[in-house]
Each structure stands twice: as C-alpha cells, then as structure tokens.
Amino acid sequence: MTSIVVTANGNDNKKFKGDDKMESAPSRVLHIRKLPGEVTETEVIALGLPFGKVTNILMLKGKNQAFLELATEEAAATMVNYYTSMTPHLRNQPIYIQYSNHKELKTDSALNQRAQAVLQAVSAVQTTNSAVANTAGSESTVSSAQSPVLRIIIDNMYYPVTLDVLHQIFSKFGTVLKIITFTKNNQFQALLQYADPTNAQQAKLALDGQNIYNACCTLRIDFSKLVNLNVKYNNDKSRDYTRPDLPSGDGQPALDPAIAAAFAKETSLLAVPGALSPLGIPNAAAAAAAAAAGRVGMHGVTAAGNTVLLVSNLNEEVFMEMCSA
C-alpha cells in the first residue's frame, strides 16, 4: 500500500486511476463507488462523520466515485464493517464502500478547491462542538439545510415515547445511525441522525405534525444545525447503532425486555407509507408504554421495579364499599 498524489479534480479524471473492485487490505482511505451524478461533497463527507474525523476527500464526478480519508484506520474499519452489513444509500441510490489500495490521500488543493473548502468548513465546526444540555452526548454543527440530524419534539405526550419506538418509525425512511433523547423545557425531545441527509429530509416531510398514538404524542420535527452526534452510552436514553460495544453507563438501565417485547409484537402498525398519514399505534402498545412509565398496571408487564400504583379520581362512596366488603 502506498500514498497517492492526486492531480485530478472532479472534472478531469483521466489522470487518476481509481481502485479496482478487488478486496483491499484495511486502509484509512476508502473508495466509494456508484455515486449519483448530482451528489455533493457534503453528502459524501456525512457518510464518514459518524465514525470519526474526515481528513480528506476527493470527488471523481466523471466516474461517479469518491475517495474519503479518515483520521484513523480503526475509524475506517468501523465504517466499512457497518456499511457492509447495511448498504448505504445517497439520493435513494445504493452505493458501495470498500478499502482503497492507497494508504493516504494527498490532493492538490488548487485542483480540488471545492471539495477542500467543504471539508475545511466541516472540520472547523467539528472543533467547536456545542454540548446539548441533559443529553448523553454532544454534536458538531453545520448548515441545517444539509444536516442528516433531525431535532424532534413530542407535543401532547399522554403516553411515553421510547427510543425504540422512534427508531422503528424513522427507520422507515432510511438508515438511522444514532439517537439521543432528553428533556428540555419540560418537553421530551430527541436528536436523530441518519446516514443520508436526504433521508432526514424525507422523514421530516412525511412525519412532521403526525401523531405517534391516536390523538396524542404529536411529532414536531426540524433540521438540527448539527451534523454528527457523539453518543457515549447505549441505553434507553441514547443509542449508537454503529457502536454496539458502548457501555450502558451508570444509572442508565436498558429498556425493560418485557416492554421491548410488547412493542415488537405491535410494530406492524408503525409502518409509515411514503405519503402523509396518521401513525396509528394500537391500544396494546400504548398500554405497554404507559406501563413502562408506571402509569397503568398491565398483565404480564412489570414497570421497572415499581410495585406501587397511584390511583386518583375515585368515587368516595364506591371506595368505602370496596373497603368494607
């Protein structure tokens, strides 16, 4: 494996010979093929950001290819392993990612100005990450118009909404990489990162204003100004689907298996068609959600360690009769 000095830009690819399709040894330089002709540098860079710092990029638009260099070989390996098991899409078109034959990208900035400018802009905002209060992670900012991260607020939250329910709903529109949930200004909120900014746009158009449960739990969705979520723990508050090895964190138990199973049996009604439509979730799933929060007793489902129920608005006369019986 050797370093490569690139003298071609996106419009002049004859001077550059890309990698062949044979499997290469691990490298921090990745070869991306079958890109849509109109894909942007930002979209290609966004593919690598969830896995680590992107240090260089070369767009070969005439060949519908690109080379992406990450800071470490470990980050590149994580990216390749993830996208090997789950084919990435850009603009609804499958693309292919493999190790490059080259160990390092050395691009001529004078001939690759646009891509370098985009990379520098993303790198600049990565160094000024802004922490989100009461979350399990932090993010790096970029123009919200091209961000793969959605900011989700749940209005009229009569039933609790779990991280897994959000994943089931939003994964209908593309690959969900990370989710962070938190409470801010007494509202349940979430940050959700897609692999592809186009999927984030599609999900926003289809889901904004829809109800998760009948007549409640309304989704309010907007683009975040952030491009990457840094998740520290995998638990019921945050999840990095690209890093199953992350710890759960102290005081952050995983979702009750009984609750997860209850939702799993009802996921058929979470399917969201391409057009706008209500998100009907049956009463069994809603009851499971309430049981998860300790609001409602449900046969076969135990709230997390809580055996006490608060019952209000009782008829005093009926109550006394019950007690004396």
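Counting only distance, with no hydrogens or angles, the side chain of Q98 and the backbone of I32 share no donor-acceptor pair below 3.5 Å. Not one N or O on the side chain of T183 forms a donor-acceptor pair closer than 3.5 Å with the backbone of N186. In this structure a side-chain-to-backbone donor-acceptor pair under 3.5 Å is missing from N156 to T218. Side-chain atoms of S27 come within 3.5 Å of backbone atoms of H102 as a donor-acceptor pair (strictly under, hydrogens ignored). Listed for the N81 side chain is a donor-acceptor partner under 3.5 Å among the backbone atoms of A77. Remark: side-chain polar atoms of N185 are not paired, donor with acceptor, to backbone N or O of Q187 under 3.5 angstrom. A donor-acceptor pair is defined here as one N or O able to donate and one able to accept, closer than 3.5 Å; such a pair exists between the side chain of S171 and the backbone of H167. The backbone N or O of Y83 sits nowhere less than 3.5 Å from a side-chain atom of T87 that would complete a donor-acceptor pair. Using a distance-only test at 3.5 Å, with no hydrogens or angles considered, a donor-acceptor pair links the side chain of S147 to the main chain of L226. The backbone N or O of K178 lies less than 3.5 Å from no partner atom in the side chain of D240, so there is not a single donor-acceptor pair.
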Practice problem: For the pair L30 and V80, evaluate side-chain contact (heavy atoms from CB on, under 4.5 Å) and give the outcome as yes or no after the intermediate values. | Solution: CA-CA 8 Å; L30 302 179; V80 169; 3.5 Å; yes
Practice problem: Could you walk me through whether L60 and F67 pass side-chain contact (heavy atoms from CB on, under 4.5 Å), step by step? | Solution: CA-CA 8 Å; L60 302 176; F67 286 82; 3.7 Å; yes
Exercise. Decide yes or no on side-chain contact (heavy atoms from CB on, under 4.5 Å) for Y82 and T175, but give the supporting numbers first.
Key: CA-CA 11 Å; Y82 179 76; T175 302; 2.8 Å; yes
Self-check item: side-chain contact (heavy atoms from CB on, under 4.5 Å) evaluation trace for E41 with K61
Solution: CA-CA 10 Å; E41 289 85 352; K61 292 190 175 182; 3.9 Å; yes
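In this structure the side chain of R151 never reaches within 4.5 angstrom of the side chain of L192, judged on heavy atoms. Residues D236 and L163 have side chains not in contact (no heavy-atom distance under 4.5 Å, counting atoms from C-beta outward). Using a 4.5 Å heavy-atom cutoff, the side chains of T242 and F51 are in contact. Taking the side chain as every heavy atom from C-beta outward, P148 and V227 approach each other to under 4.5 Å. A heavy-atom distance below 4.5 Å is not found between the side chains of L246 and N235. Contact check for I45 versus I57: side-chain heavy atoms found under the 4.5 Å cut-off. When side chains are defined from C-beta on, M79 counts as touching I97, because their heavy atoms get closer than 4.5 Å. Between T72 and L70, every side-chain heavy-atom pair lies at or beyond the 4.5 Å cut-off.
Nearest heavy-atom pair, G52 versus A75, reported as atom, atom and distance to 0.1 Å: CA-CB, 4.4 Å. The shortest non-hydrogen separation linking Y159 to C216 is CD1-SG, 3.9 Å. Taking every heavy atom of both residues into account, N234 and P244 meet most closely at ND2-CA, 3.8 Å. Taking each heavy atom of A203 and I221 in turn, the nearest pair found is O-CD1, 4.4 Å. Closest approach of P36 and I95 over heavy atoms only: CD-CG2, 4.2 Å.
Under the 4.5 Å side-chain contact rule for hydrophobic residues, L205 and I153 do not share a cluster. Criterion: ILVMFWY side-chain heavy atoms under 4.5 Å apart, direct or through other members. Under it, F223 and L219 are part of a common hydrophobic cluster.
Between atom CE of residue M59 and atom CG of residue L68 there is a gap of 10.0 Å, rounded to the nearest 0.5 Å. With rounding to the nearest 0.5 Å, the separation of CG in L177 from CG in N228 is 9.0 Å. To the nearest 0.5 angstrom, K172 atom NZ is 15.0 Å from Q202 atom CD. Taking CG from D222 and CG from D208, the interatomic distance works out to 7.5 Å, rounded to the nearest 0.5 Å. Atoms CG and NZ, from L35 and K63 in turn, are 13.5 Å apart once rounded to the nearest 0.5 Å. In this structure, the separation between NZ on K232 and CG on L229 is 13.0 Å, given to the nearest 0.5 Å.
Residues forming a side-chain hydrogen bond (donor to acceptor under 3.5 Å, both in side chains) with Q201 (at least two apart in sequence, or on another chain): none. With sequence neighbours excluded, the residues that form a side-chain hydrogen bond (donor to acceptor under 3.5 Å, both in side chains) with D245 are R243. Take D155 and apply the salt bridge (charged side-chain N to carboxylate O under 4.0 Å, His left out) test, not counting sequence neighbours, and it matches R220. With sequence neighbours excluded, no residue forms a ring pair (Phe, Tyr, Trp, His ring centres under 6.0 Å) with Y194. F188 meets the side-chain contact (heavy atoms from CB on, under 4.5 Å) test with I154, M157, V161, L166, T181; sequence neighbours excluded.
The list of salt bridge (Lys or Arg N to Asp or Glu O under 4.0 Å) pairs with a residue in residues 75-98, not counting sequence neighbours, reads E43-R91.
D164 and R239 are joined by a salt bridge, as a carboxylate oxygen and a charged side-chain nitrogen come within less than 4.0 angstrom of each other.
Screening E104, E69, R28 for a side chain to side chain contact (heavy atoms under 4.5 Å, CB included) involving N56 leaves a single residue, E69.
Y96 has its ring centre no less than 6.0 Å from the ring centre of H31.
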